[in-house]
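Working notes, structure below.
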Protein chains: 2
Amino acid sequence: MDRCNATELLRLKNVKVTRSRIAILDEIIASDNPVNAIDLHNGLSGQLTVNLATVYRMLKLFVDVGILREAFADNGTQYFEMACVHNPAHAHFQCSKCKRIICLSPLTFEDTILFSEASKIGEINEINIKLKGICQKCRSTA
Amino acid sequence: MDRCNATELLRLKNVKVTRSRIAILDEIIASDNPVNAIDLHNGLSGQLTVNLATVYRMLKLFVDVGILREAFADNGTQYFEMACVHNPAHAHFQCSKCKRIICLSPLTFEDTILFSEASKIGEINEINIKLKGICQKCRSTA
DNA sequence: ATATAATTGCGAATAGTTTGCAAGTAATTC
DNA sequence: GAATTACTTGCAAACTATTCGCAATTATAT
């Protein structure tokens, strides 16, 4: 799977390139699933440490400049994912039992027909779809 | 628009019928938009007062027994709506500027084709779609 | 009417997130 | 390469939404 380069991406978006930002953004780029602030904060490997408040500030900044999108909220926690060309918009499935998140295939043009009504109401620039249920594993284990 | 009767609904779901529950449920039934705990707490008219913690407990209970569904989360706040026959599942549009929420038309059978992939992953029992953008009003005002 | 079990109010706790401010650091200019 | 400037960061405290324990209250079954 192709991934973005953190430094290039930051530079491209005209935000200052700092050690901390690269470290956090690298984590997000490397993750196959949406991430939250606390995981990112804990997930820092090795010597570098980034304050949790700073992580939150980064997440907000990254969303503002279009590096990230908010994937979904789970139980009052915000999850984010890359908003780059390598990660087109898609729905998420969450198992209510094991809480596991699965990213579904990118939304297709046909899918967006679903939103024709909404496009009459306004200009859509964010689509958020979350499906909840019981995954196969949990179903067979039950 | 047809609406449920709070007392009947509570009885039907086998949960105890109390003054407080009726008051809160009545508010939700009467609302044309998803509601949150604090609005419900503030929205109590007249003499009856229900503790905020109790409102949260009710919301959780009502979701558990299937009276309510979680409509969406906005900025860390949960919004709920009736899950009865009068209010079939539907997507929500939110204007990022004026924050107004608009309920879209009920999801159709065709819409659910979108979820065929997910149904291979597990049994879906909750669908959550939120669209964000700028509504016509805000666009013309800008 | 009484008994029983569930519900509620209250206060305090918790979790996630935001903010102010002083100190630190990246990028710019000389 | 050092000085300047504006942006970033750490820290501690504030804030918001939500949850919890416990004692007092209340709905239903007897």
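Just so it is clear, the model here is predicted, and its values are computed rather than measured. Only this structure's heavy atoms are used, side chains among them; waters, hydrogens and symmetry mates stay out. Chain A is the first sequence line, chain B the second, and so forth, proteins listed ahead of strands; every chain is numbered from 1.
Residue I38(A) has its side chain nearest to dG16(C) when only dG16(C), dC10(C), dT19(C) are considered. Of the candidate nucleotides dT17(C), dA17(D), dG10(D), dA17(D) has the atom nearest to the side chain of T77(B). Among dT8(C), dT18(D), dT18(C), the nucleotide with an atom closest to any side-chain atom of S20(B) is dT8(C).
Rounded to whole Å, the distance from CG on D64(A) to P on dT8(D) is 12 Å. Atom pair I24(A):CD1 and dT8(D):P shows a separation of 15 Å (rounding to whole Å applied). A straight line from CG of L40(A) to C1' of dT17(C) spans 14 Å, rounded to a whole angstrom. To the nearest angstrom, C1' of dA17(D) lies 13 Å from CG of D39(B). One can place CG of N51(A) at 12 Å from C1' of dT19(C), the figure rounded to the nearest angstrom. Regarding Q78(A), its CD atom lies at a distance of 18 Å from the P atom of dA15(C), rounded to whole Å. One can place CG of D74(B) at 13 Å from C1' of dT16(D), the figure rounded to the nearest angstrom. Rounded to a whole Å, the CG atom of L25(A) is 14 Å from the P atom of dT8(D).
If you check every strand for non-hydrogen atoms under 4.0 Å, L52(A) touches a base.
If you check the side chains of E117(A) and H90(B), you find no donor sitting under 3.5 Å from an acceptor. For the residue pair D39(A)/N42(A), the side-chain donor-acceptor check at 3.5 Å is not satisfied.
Distances shown here put every side-chain N or O of R21(A) at or beyond 4.0 Å from the OP1 or OP2 atom of dC7(D). Contact check, T54(B) against dG9(C): a side-chain N or O comes under 4.0 Å of OP1 or OP2. Here Y56(B) does not reach the OP1 or OP2 of dT19(D): none of its side-chain N or O atoms lies under 4.0 Å away.
Taking for each of V55(A) and Y79(B) the nucleotide of DNA chain D with the nearest heavy atom, the 5'-most of the two is the partner of V55(A). Projected onto DNA chain C by closest heavy-atom contact, N75(B) and L61(B) fall at different nucleotides, the more 5' of which corresponds to L61(B).
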Per-nucleotide protein contact string for nucleotides 20-30 of chain C, where B marks a base within reach and S marks sugar-phosphate only (heavy atoms under 4.0 Å, - for neither): B-----BS---
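R21(A) places a side-chain N or O within donor-acceptor distance of the main-chain N or O of K16(A), the cut-off being under 3.5 Å. Formation of a donor-acceptor pair under 3.5 Å by the Q94(B) side chain with backbone atoms of K99(B) is found in this model.
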Should N128(A) and L131(B) be marked as a side chain to side chain contact (heavy atoms under 4.5 Å, CB included) after you check the CA-CA gap, both sets of side-chain angles, and the distance that decides it? CA-CA 6 Å; N128(A) 231 284; L131(B) 307 174; over 6 Å; no
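Atom CG of N125(B) has more than 12 neighbouring heavy atoms from other residues, nucleotides or ligands inside a 6.0 Å radius.
Across all non-hydrogen atoms, the minimal contact from S119(B) to Q136(A) is O-NE2, 4.4 Å.
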